[in-house]
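Structure, as structure tokens:
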Number of protein chains: 2
Amino acid sequence: MSTARERARAALTAEILESARGQLATVGAAALSLRAVARDLGLASSALYRYFPSRDELLTALIIEGYDALGAAAESADVPTAQPRTRWHAICAAVRAWALAHPHEYALLYGSPVPGYAAPQDTVAAAGRVGAALGRVLGDAARAGVLPPAEHRRTALVTPAAAEVLGGEHPALDDAVRARALLTWSSLYGLISFELFGHFAGVVADPEAFFTEQVGELADLLGL
Amino acid sequence: MSTARERARAALTAEILESARGQLATVGAAALSLRAVARDLGLASSALYRYFPSRDELLTALIIEGYDALGAAAESADVPTAQPRTRWHAICAAVRAWALAHPHEYALLYGSPVPGYAAPQDTVAAAGRVGAALGRVLGDAARAGVLPPAEHRRTALVTPAAAEVLGGEHPALDDAVRARALLTWSSLYGLISFELFGHFAGVVADPEAFFTEQVGELADLLGL
DNA sequence: AGTAGAACGAGAGCACCGCTCTCGTCGACC
DNA sequence: GGTCGACGAGAGCGGTGCTCTCGTTCTACT
């Protein structure tokens with residue numbers, strides 16, 4: 001059972017995260033102020049250090065939350081029984097929608113890393129959840145036989161651990177296919193980031209239509 | 001002719017930018033401190049405000065410098081007489097090399113925008129220089145007849161102004177081709193950013209080989 | 001040539017930041 | 001019931017961007 005103190009601690013930790021999330025959404029990660037969070041909760045700023053040893057630790061918690069939320073969005077958009085190509089479209093659209101709805105969180109996840117900040121190991125696990133959704137589509141496509149046969153290149157560009165996530169073992173999946181999957185995944189990121197960060201301003205007429213068009217192009221590249 | 005004061009002003013402005021560039025390279029944009037620049041130059045911090053009205057304005061100047069340096073790197077890597085595909089490879093490799101050599105500058109250009117910062121019009125002009133290099137390759141390829149014939153889609157996804165840069169008018173260039181060019185360009189950005197920001201850590205075995213492989217894949221997609 | 005005025009750099013100061021330390025208090029466990 | 005740890009408040013340190021004032025110096029016009 002949990003003591004009153006433990007419950008109070010968990011509740012306050014959640015409140016801190018909630019306030020920080022709100023501030024992240026409004027002013028962005030760079031301007032996220034520990035003191036503002038403390039003010040918001042009616043606490044002394046020093047009290048927060050009982051819960052998060054530093055501002056970076058708080059940011060780390062927010063990053064993990066963000067990866068988790070994005071991963072959940074991608075997963076809930078995926079319909080495992082649908083055709084691989086429509087699944088790919090659905091996941092990509094969900095990722096873009098999440099990014100547009102939470103621009104600051106997205107920037108925190110996939111934008112420039114914060115100053116001297118090195119991503120702790122906890123974050124990479126959470127980050128994998130998003131890529132895993134794509135990996136499942138690829139694996140299912142291979143098992144359903146919709147992928148063209150692989151050519152079996154020698155040099156391994158993709159790590160064995162990553163290959164596990166990207167469809168697992170299957171004759172239609174070789175290193176080249178998995179590398180292409182990584183290309184499409186990073187391309188998706190490039191598309192969303194360019195749109196979100198304004199690099200497509202004045203260049204792309206209809207961002208939504210452009211995005212779906214290009215996601216289809218990426219599906220062709222992948223062979224879905 | 002220029003007065004002594006004007007020359008001193010220009011010289012000091014250059015010194016400020018040089019010191020800021022050095023600090024940007026070492027500690028990154030978020031930790032770039034106006035006071036540190038002032039200390040470096042032996043000035044009072046308030047004196048800097050005679051030259052740059054705010055820290056953001058100084059960052060803007062650095063952004064323009066960065067776009068210009070990256071654009072110059074891309075241009076000098078381009079050999080207009082070579083085959084379009086080798087030109088594409090050379091430009092992509094040059095952009096990646098510049099990014100790896102100047103990670104903080106690259107993050108400043110293509111990472112998360114700084115807090116409430118809206119890119120001034122000056123920066124978008126400088127930003128176009130990099131994309132224009134790709135646009136020239138595409139246009140030359142079309143004029144050389146190496147591109148497959150276009151299908152002439154109805155809906156225009158790419159702005160007329162951007163179409164001008166992306167090869168200009170040519171029968172082999174329609175909206176779909178130009179949209180694909182934007183896709184490959186943002187994909188290149190996604191590849192480099194993922195590598196630079198650590199999202200490929202533990203996933204890609206040989207970043208260099210992976211990059212050139214994927215750039216080739218993008219060239220195929222473009223039809224080069 | 002002389003002067004009005006703009007540009008200049010220094011310095012003090014404001015409000016804010018992350019973070020540390022101390023101190024009185026309150027709750028949990030032996 | 002007493003001990004000890006967790007807790008929150010408060011003061012304080014060094015840092016930040018930015019503003020204002022003040023004496024100086026150079027420019028340009030009369």
Side-chain angles (χ1 to χ4, degrees), chain A residues 1-20 22-24 26-63 104 108 113-118 120, chain B residues 1-20 22-24 26-63 104 108 113-118 120:
Chain A
M1 81 147 256
S2 66
T3 71
R5 178 163 272 174
E6 278 169 348
R7 269 179 283 120
R9 181 178 183 87
L12 192 43
T13 304
E15 273 187 73
I16 293 172
L17 277 175
E18 187 184 330
S19 171
Q23 199 177 140
L24 174 62
T26 54
V27 300
L32 191 153
S33 153
L34 243 151
R35 291 175 113 113
V37 171
R39 270 195 302 273
D40 186 33
L41 300 179
L43 286 176
S45 68
S46 56
L48 293 191
Y49 287 83
R50 305 269 187 204
Y51 298 85
F52 293 93
S54 76
R55 182 177 170 275
D56 276 6
E57 292 284 332
L58 178 57
L59 272 182
T60 299
L62 290 174
I63 289 176
H104 286 117
L108 179 63
V114 306
Y117 176 81
Chain B
M1 85 145 250
S2 65
T3 71
R5 178 163 270 175
E6 278 168 348
R7 270 178 284 120
R9 180 178 182 87
L12 192 43
T13 305
E15 273 186 73
I16 292 171
L17 277 175
E18 186 184 330
S19 171
Q23 199 178 144
L24 174 62
T26 55
V27 300
L32 191 153
S33 154
L34 240 149
R35 291 177 113 112
V37 171
R39 272 194 301 273
D40 186 32
L41 301 180
L43 285 176
S45 67
S46 56
L48 293 191
Y49 287 84
R50 305 270 186 204
Y51 297 86
F52 294 93
S54 76
R55 182 177 171 277
D56 276 7
E57 293 283 333
L58 178 57
L59 273 182
T60 299
L62 290 174
I63 289 177
H104 286 116
L108 180 63
V114 306
Y117 175 82

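Below, chains carry the letters A, B, ... as their sequence lines are ordered, and counting in each starts from 1. Note that these values count all heavy atoms, side chains included, but never hydrogens, waters or copies made by symmetry.
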Checking [X] now: which residues fulfil side-chain contact (heavy atoms from CB on, under 4.5 Å) with it, not counting sequence neighbours?
X	result
Arg9(B)	Thr13(B), Tyr51(B)
Ala36(A)	Gln23(A), Ser33(A), Arg39(A)
Glu15(B)	Leu12(B), Leu41(B)
Leu34(B)	Leu48(B), Tyr49(B), Arg55(B)

How close or far is atom [atom2] of [N] from atom [atom1] of [X], stated in whole angstroms?
X	N	atom1	atom2	result
Tyr49(A)	dC21(C)	OH	C1'	13 Å
Asp56(B)	dT16(D)	CG	P	16 Å
Leu41(A)	dC7(D)	CG	C1'	15 Å
Leu58(B)	dT16(D)	CG	P	14 Å
Arg55(B)	dC18(D)	CZ	P	8 Å
Phe52(A)	dC7(D)	CZ	P	13 Å

Taking dC29(C), dG17(D), dC19(C) as options, the one with an atom nearest any side-chain atom of Thr3(A) is dC29(C)
To the nearest 0.5 Å, how far apart are CG in Leu24(B) and CD1 in Ile63(B)? 9.5 Å
What string of B, S and - do you get for nucleotides 8-16 of chain C 5' to 3' if you count protein non-hydrogen atoms under 4.0 Å? BBBB-B---
Under 4.0 angstrom, heavy atoms only, what part of the nucleic acid is Leu32(B) near: base, sugar-phosphate, or nothing?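 Sugar-phosphate contact only - Leu32(B) comes under 4.0 Å of backbone atoms but never of a base.
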Residues in side chain to side chain donor-acceptor pair (under 3.5 Å) contact with Ser19(A), at least two apart in sequence or another chain: Asp40(A)
